[in-house]
Amino acid sequence: MEAGPTSPPGAAAPEQARCIVDRGAGVGKMAAPSLLNWRRVSSFTGPVPRARHGHRAVAIRELMIIFGGGNEGIADELHVYNTVTNQWFLPAVRGDIPPGCAAHGFVCDGTRILVFGGMVEYGRYSNELYELQASRWLWKKVKPYPPSSGLPPCPRLGHSFSLYGNKCYLFGGLANESEDSNNNVPRYLNDFYELELQHGSGVVGWSIPVTKGIVPSPRESHTAVIYCRRDSGSPKMYVFGGMCGARLDDLWQLDLETMSWSKPETKGTVPLPRSLHTASVIGNKMYIFGGWVPHKGENIETSPHDCEWRCTSSFSYLNLDTAEWTTLVSDSQEDKKNARPRPRAGHCAVAIGTRLYFWSGRDGYKKALNSQVCCKDLWYLDTGLENHRYFKCKGYQQRMKRDMDQLHKFDGFKMYSN
């Protein structure tokens with residue numbers, strides 16, 4: 001099967017750029033450089049969504065589906081980009097259409113998408129859950145049962161919401177302690193919930209797993225991904241970075257079978273502390289791109305509140321099998337030829353085959369909050385042949401065949417995906 005989408009015959013070729021890779025095996029140590037092929041998509045059709053930050057994206061087959069985010073108001077439209085035909089479109093959604101939200105949870109299970117929480121207006125956060133059946137573009141508000149002991153998740157933004165099997169895992173975020181939405185009293189969270197899903201559609205309810213070990217500190221605008229090694233049947237959730245008064249660079253691991261938290265020892269150069277970055281898994285690698293980082297030259301130890309910050313275009317990955325960091329684009333590496341995505345935070349990233357797509361986000365580079373600009377560019381990077389063996393595995397191919405068979409039953413979906 002194809003490792004990733006390709007441009008259709010006759011389509012204009014995206015802008016291509018090559019960047020030097022810095023493989024740091026530790027401080028002061030480098031391996032031989034190699035090349036990255038960034039491509040900016042410069043030719044497309046259809047209604048392009050307005051630039052924004054705090055949005056989320058998932059992939060179904062070759063489609064990148066984007067929801068929410070904000071820039072002079074919170075967006076409530078569902079936008080879809082076909083990575084094969086280079087076409088943007090607005091599907092005709094129906095049902096219990098959710099309000100616009102930003103910094104929400106957004107996951108995809110086959111052909112259904114779940115949205116949880118987020119900011120619906122300044123100072124007012126949500127803890128509502130919606131399901132979208134993408135094969136029919138049908139929204140439904142769902143009401144999971146509360147935990148048997150304890151309260152359901154409070155309204156929040158900036159949390160992580162990760163899917164594995166028939167369960168979603170919610171961690172952390174930011175709540176507003178004030179009942180007055182105009183008087184925001186932030187409270188950072190480190191609570192952990194499990195949401196059981198019904199097969200195909202609907203949910204069962206929330207539960208609060210009993211975990212072992214030291215729990216990560218409260219945080220928001222972090223990332224969490226789930227990965228299971230092929231030689232080990234124990235899936236693990238990896239939490240990286242975030243914000244809690246200061247930006248963080250710590251990595252945490254939760255074994256989802258034993259529910260044990262730990263801090264894995266890693267090799268290589270750890271990315272700078274950051275929030276509002278993205279983390280995407282392709283094969284056995286977790287790719288970290290962008291976000292807000294401390295200003296160059298800032299003494300992190302003596303600046304706990306991280307008042308000086310900037311956006312970054314640095315790009316690294318963590319090999320989840322060997323726990324080794326590799327720097328692909330360093331934070332100090334300049335880009336005078338606009339050969340890769342410019343610094344940004346609050347963008348979205350989605351993996352389709354071996355390609356990693358990035359869209360929009362806020363630049364914020366050395367700027368005050370009231371003068372930041374949202375990017376409107378779309379880029380992708382093919383992560384290379386080294387990941388192709390993952391996509392040949394039987395389990396991945398079976399999941400893709402199931403999703404494609406489900407989608408092909410509906411003529412409305414064919415119209416957009418062909």
Side-chain angles (χ1 to χ4, degrees), residues 4 17-24 35-41 51-59 64 66 69 83 103 106 158 160 162 221-225 227 238-243 247-249 251 268-294 309-320 325-335 338-365 374-384 387:
R18 302 196 303 171
C19 301
I20 298 296
V21 178
D22 169 19
R23 298 188 182 277
L35 297 173
L36 286 178
N37 289 321
W38 289 102
R39 290 176 180 260
R40 179 173 179 172
V41 181
R52 64 193 64 189
H53 59 96
H55 52 292
R56 301 289 186 259
V58 295
M64 178 172 68
I66 295 170
T83 60
F106 200 54
S160 58
S162 310
S221 299
H222 55 284
T223 53
V225 302
Y227 172 72
Y238 294 87
V239 175
F240 177 72
M243 175 73 172
R247 287 172 177 85
L248 307 169
D249 64 352
L251 177 72
T269 303
V270 178
L272 284 177
R274 68 192 59 214
S275 61
L276 293 171
H277 54 287
T278 53
S280 310
V281 173
I282 298 181
N284 63 347
K285 299 176 179 63
M286 177 178 74
Y287 291 89
I288 302 292
F289 176 75
W292 283 354
V293 298
W309 55 266
R310 60 189 173 94
C311 285
T312 182
S313 59
S314 59
F315 187 40
S316 303
Y317 71 74
L318 176 70
N319 185 312
L320 297 170
W325 286 104
T326 296
T327 302
L328 299 173
V329 177
S330 69
D331 193 71
S332 59
Q333 207 167 320
E334 294 187 3
D335 178 27
N338 296 320
R340 62 177 186 266
R342 72 179 192 259
R344 67 193 65 206
H347 52 286
C348 70
V350 66
I352 298 179
T354 60
R355 289 185 179 177
L356 195 52
Y357 285 81
F358 304 93
W359 182 72
S360 202
R362 183 167 58 185
D363 66 0
Y365 186 76
C374 283
C375 315
K376 202 175 183 178
D377 48 351
L378 173 64
W379 292 77
Y380 70 81
L381 173 74
D382 197 311
T383 59
N387 284 314

[atom1] of [X] to [atom2] of [Y]: how many Å apart, nearest 0.5 Å?
{"X": "S316", "Y": "M286", "atom1": "OG", "atom2": "CE", "value": "9.5 Å"}
{"X": "Y287", "Y": "L356", "atom1": "OH", "atom2": "CG", "value": "8.0 Å"}
{"X": "M64", "Y": "I352", "atom1": "CE", "atom2": "CD1", "value": "6.5 Å"}
{"X": "R340", "Y": "L381", "atom1": "CZ", "atom2": "CG", "value": "12.0 Å"}
{"X": "K285", "Y": "S280", "atom1": "NZ", "atom2": "OG", "value": "14.0 Å"}
{"X": "D363", "Y": "S313", "atom1": "CG", "atom2": "OG", "value": "11.5 Å"}

Taking the side chain as everything from C-beta on, heavy atoms only, tell me whether [X] gets closer than 4.5 Å to [Y].
{"X": "H222", "Y": "S160", "value": "yes"}
{"X": "D249", "Y": "L272", "value": "no"}
{"X": "I282", "Y": "Y317", "value": "no"}
{"X": "L276", "Y": "H53", "value": "no"}
{"X": "C375", "Y": "H347", "value": "no"}
{"X": "F240", "Y": "L251", "value": "yes"}
{"X": "S314", "Y": "R274", "value": "yes"}

With a 3.5 Å distance limit and no angle check, can you tell me whether R355 reaches the backbone of G353 through a side-chain donor-acceptor pair?
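Judged by distance alone, no pair lies under 3.5 Å.
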Return yes if some donor-acceptor pair links the side-chain N/O of S360 with the main-chain N/O of R52 below 3.5 Å, else return no.
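Side chain of S360 to backbone of R52: a pair is present.
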Looking at every heavy atom in both [X] and [Y], which two are closest together, and how far apart are they?
{"X": "Y227", "Y": "G283", "result": "CE1-O, 3.5 Å"}
{"X": "V281", "Y": "A351", "result": "O-CB, 4.1 Å"}
{"X": "R310", "Y": "P294", "result": "NE-O, 3.7 Å"}
{"X": "W359", "Y": "K376", "result": "NE1-O, 3.7 Å"}
{"X": "A224", "Y": "V239", "result": "CB-CG2, 4.1 Å"}
{"X": "L248", "Y": "M243", "result": "CD1-N, 4.4 Å"}

Scan side-chain atoms only and decide if R247 and S275 contain a donor-acceptor pair under the 3.5 Å cut-off.
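Yes, because at least one side-chain N or O of R247 sits under 3.5 Å from a partner of the opposite role on S275.
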Which label fits Y380 and Y357: parallel for a plane angle under 30°, tilted from 30 to 60°, or perpendicular past 60°?
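Because their plane-to-plane angle lies in the 30° to 60° range, the rings of Y380 and Y357 count as tilted.
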Using the six-membered ring wherever Trp is involved, compare the ring planes of F358 and W38 and label them parallel, tilted or perpendicular (cut-offs 30° and 60°).
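Ring orientation, 0 to 90° scale: tilted.
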Is the distance between the ring centroids of W379 and F315 under 6.0 Å?
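No, the ring centres sit 6.0 Å or more apart.
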D377 with R344: basic N within carboxylate O range, under 4.0 Å
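Answer for the salt bridge query: yes.
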